[in-house]
Amino acid sequence: MAIERTISIIKPDAVGKNVIGKIYSRFEEKGLKIVAAKMKHLSRAEAEGFYAVHKERPFFKDLVDFMVSGPVMIQVLEGENAVAANREIMGATNPKDAAAGTIRADFSESIDENAVHGSDSAENAAIEIAYFFAATELCPRTR
Ligand code: UDP
């Protein structure tokens, strides 16, 4: 199986609920390793740039407003098939459709405040990692 990296963002709603540690445990329990992390209060320009792919969508302004409403916790996860593994741990975009035991089912109530972001492909993961982290900020495990 391929060792991959992916971006995870704990969004302002979940940071506000004080469940960063509980969410980190979900990653660790499934064997994903945190190899970089930073807390950041995104500027509007940073949030708009990150979600640029959605800029023509009707929810774009609300999404940006939400993403700048408080700090986020951004981490790079590494592990076997990390992109798909993280998406499985997160659950469906709409928490009402998310499987029991997923982050979105357990820590969010609505599609517009759904606790976490995760890259949807290895290609986008590389772009998103570079958006938030310099190469020197990634810390591969040595033990
Ligand atoms: N979103 C929303 N309303 C929608 C669809 C998406 O507010 O009807 C938000 C939601 O926060 C979602 C983000 O836009 O997480 C990005 O949407 P995407 O389809 O990429 O879902 P994700 O990859 O986050 O599951």
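Each ligand, and each atom within it, is numbered from 1 in the order the structure gives. Just so it is clear, the values below take in all heavy atoms, side chains as well, and ignore hydrogens, waters and symmetry mates.
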By side-chain hydrogen bond (donor to acceptor under 3.5 Å, both in side chains), which residues pair with Asn94, not counting sequence neighbours? none

Nearest to [atom], what protein heavy atom do you find, and at what distance?
atom                    : value
atom 5 (C) of ligand 1  : Phe59 CE2, 3.4 Å
atom 25 (O) of ligand 1 : Thr93 OG1, 2.5 Å
atom 10 (C) of ligand 1 : Ile111 O, 3.3 Å

Under a 4.0 Å N-O cut-off, is there an ion pair linking Lys22 with Asp106? no

Using a strict cut-off of 4.0 Å, indicate which atoms of ligand 1 neighbour a heavy atom of Leu63.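 Under 4.0 Å from Leu63, ligand 1 has these atoms: 9 (C), 11 (O), 14 (O).
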
Under 4.0 Å to a heavy atom of Asp112 - the qualifying atoms of ligand 1, by number: 7 (O)

Is it true that Tyr24 and Gln75 share a donor-acceptor pair across their side chains at a distance under 3.5 Å?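 The criterion, which ignores hydrogens and geometry beyond distance, is satisfied for Tyr24 and Gln75.
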
Taking salt bridge (charged side-chain N to carboxylate O under 4.0 Å, His left out) as the test, write out the residues that go with Glu88, two or more places apart. none

So for ligand 1, is Asn114 a polar contact partner (N or O within less than 3.5 Å, distance only)?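 There is such a contact, yes.
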
Distance-only N or O hit between ligand 1 and His54, under 3.5 Å: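 Looking only at distances, the answer is yes, because the N/O contact criterion of under 3.5 Å is met.
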
Name the option, out of Arg87, Lys11, Met90, Arg104, that contains the heavy atom nearest to atom 11 (O) of ligand 1. Lys11

Distance to the ring centre below 6.0 angstrom and angle to the axis at most 45 degrees; does that hold for Lys38 and Phe133?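 Flagged: Lys38 positioned over aromatic ring of Phe133.
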
Aromatic ring pairing Phe50/Phe132, orientation class (parallel under 30°, perpendicular over 60°, tilted between):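 Tilted: the ring planes of Phe50 and Phe132 meet at 30° to 60°.
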
